[in-house]
Amino acid sequence: TVISEKARREIGDRLEGLGRKVQTGELEWEAAVKEHSQDPTTRGRGGRVGILDRRMTNKYEEGFLRALFADLGFRQPEGVLLRGPLLTSRWAYLVRIEAVVVGGIVDLERVRPAVERSLREHTLQQQLAELASGTDRRILLPLPR
């Protein structure tokens with residue numbers, strides 16, 4: 001449903017407050033989930049969703065995934081991270097990241113064909129640009145009869 005900007009801000013402020021309480025230890029994560037989560041499946045599992053992958057755009061909104069994994073790169077953060085509030089077009093999230101699994105070489109092997117294709121195309125474009133810069137271009141029109 002469409003909600004006003006004011007309502008979005010209120011939701012964001014409420015989640016931000018919950019996040020602060022969880023970070024300071026004033027509120028336990030499980031209690032926050034039980035009391036505030038509106039997703040029955042997640043609430044029933046104590047807030048656990050399982051493993052999330054950056055490419056799960058069929059299940060989660062791309063903006064959510066981008067914000068969730070922002071600035072993580074290939075480093076493993078120390079301890080538990082709290083992300084949020086993350087407001088998307090359908091949901092508002094407060095996310096607790098317990099671990100980041102970095103695939104490293106396995107991930108590189110998966111993208112090898114795309115990288116090789118991209119490099120070939122880039123090289124071909126450079127060669128084409130060099131050839132084009134050394135040629136004289138004219139527009140030729142057919143001779144009138």
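Computed over heavy atoms, backbone and side chain alike; hydrogens, waters and symmetry mates excluded. This chain uses plain numbering: 1 for the first residue, then up along the sequence.
Between Lys6 atom NZ and Arg8 atom CZ the span is 15.5 Å, to the nearest 0.5 Å. Expressed to the nearest 0.5 Å, how far CG of Leu18 lies from CD of Glu35 amounts to 8.0 Å. The structure places CD of Gln126 at 13.0 Å from CD of Glu121, a figure rounded to the nearest 0.5 Å. Taken to the nearest 0.5 Å, the OH atom of Tyr93 stands 13.0 Å off from the CD1 atom of Ile11. Interatomic distance, CG of Leu94 versus CZ of Arg14, reported as 11.0 Å (0.5 Å rounding). We find the CD-CG distance between Glu10 and Asp13 to be 8.0 Å, quoted to the nearest 0.5 Å.
A donor-acceptor pair under 3.5 Å is absent between the side-chain atoms of Ser37 and the main chain of Lys34, judged by distance alone. Distance alone, capped at 3.5 Å, places no donor-acceptor pair between the Ser118 side chain and the Ala114 backbone.
Residues Ala31 and Leu27 come closest through the heavy atom pair CB-CD1, 4.0 Å. Nearest heavy atoms, Gly47 versus Val33: N-CG1, 3.5 Å. Pro85 approaches Gly12 most closely through the heavy-atom pair CG-O, 3.3 Å.
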- Apply salt bridge (charged side-chain N to carboxylate O under 4.0 Å, His left out) to Arg20 and Glu16, showing your working. CA-CA 6 Å; Arg20 274 196 300 276; Glu16 201 169 307; 3.4 Å; yes

- Please test Arg9 against Glu5 for side-chain contact (heavy atoms from CB on, under 4.5 Å), starting from the C-alpha separation and ending with a verdict. CA-CA 6 Å; Arg9 270 196 302 275; Glu5 187 60 34; 3.2 Å; yes

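No more than 12 heavy atoms of other residues, nucleotides or ligands sit less than 6.0 Å from atom CZ of Arg48. Residue Gln38 places its CD atom among 12 or fewer non-hydrogen atoms of other residues, nucleotides or ligands, all under 6.0 Å distant. For Leu131, the CG atom sits in a packed shell: over 12 heavy atoms of surrounding residues, nucleotides or ligands are nearer than 6.0 Å.
Inter-residue side-chain proximity for Tyr60 and Val49 is flagged as met; some heavy-atom pair is nearer than 4.5 Å. Between Glu61 and Leu65 there is no side-chain heavy-atom pair separated by less than 4.5 Å. Glu28 places none of its side-chain heavy atoms less than 4.5 Å from the side chain of Val22. Contact of the Val95 side chain with the Phe64 side chain is registered, since non-hydrogen atoms from C-beta on lie closer than 4.5 Å.
A side chain to side chain donor-acceptor pair (under 3.5 Å) with Arg55 is found for exactly one of Asp53, Asn58, Thr57, namely Asp53.
Using a cut-off of 4.0 Å between Lys/Arg side-chain N and Asp/Glu carboxylate O, Glu62 and Arg66 are scored as salt-bridged.
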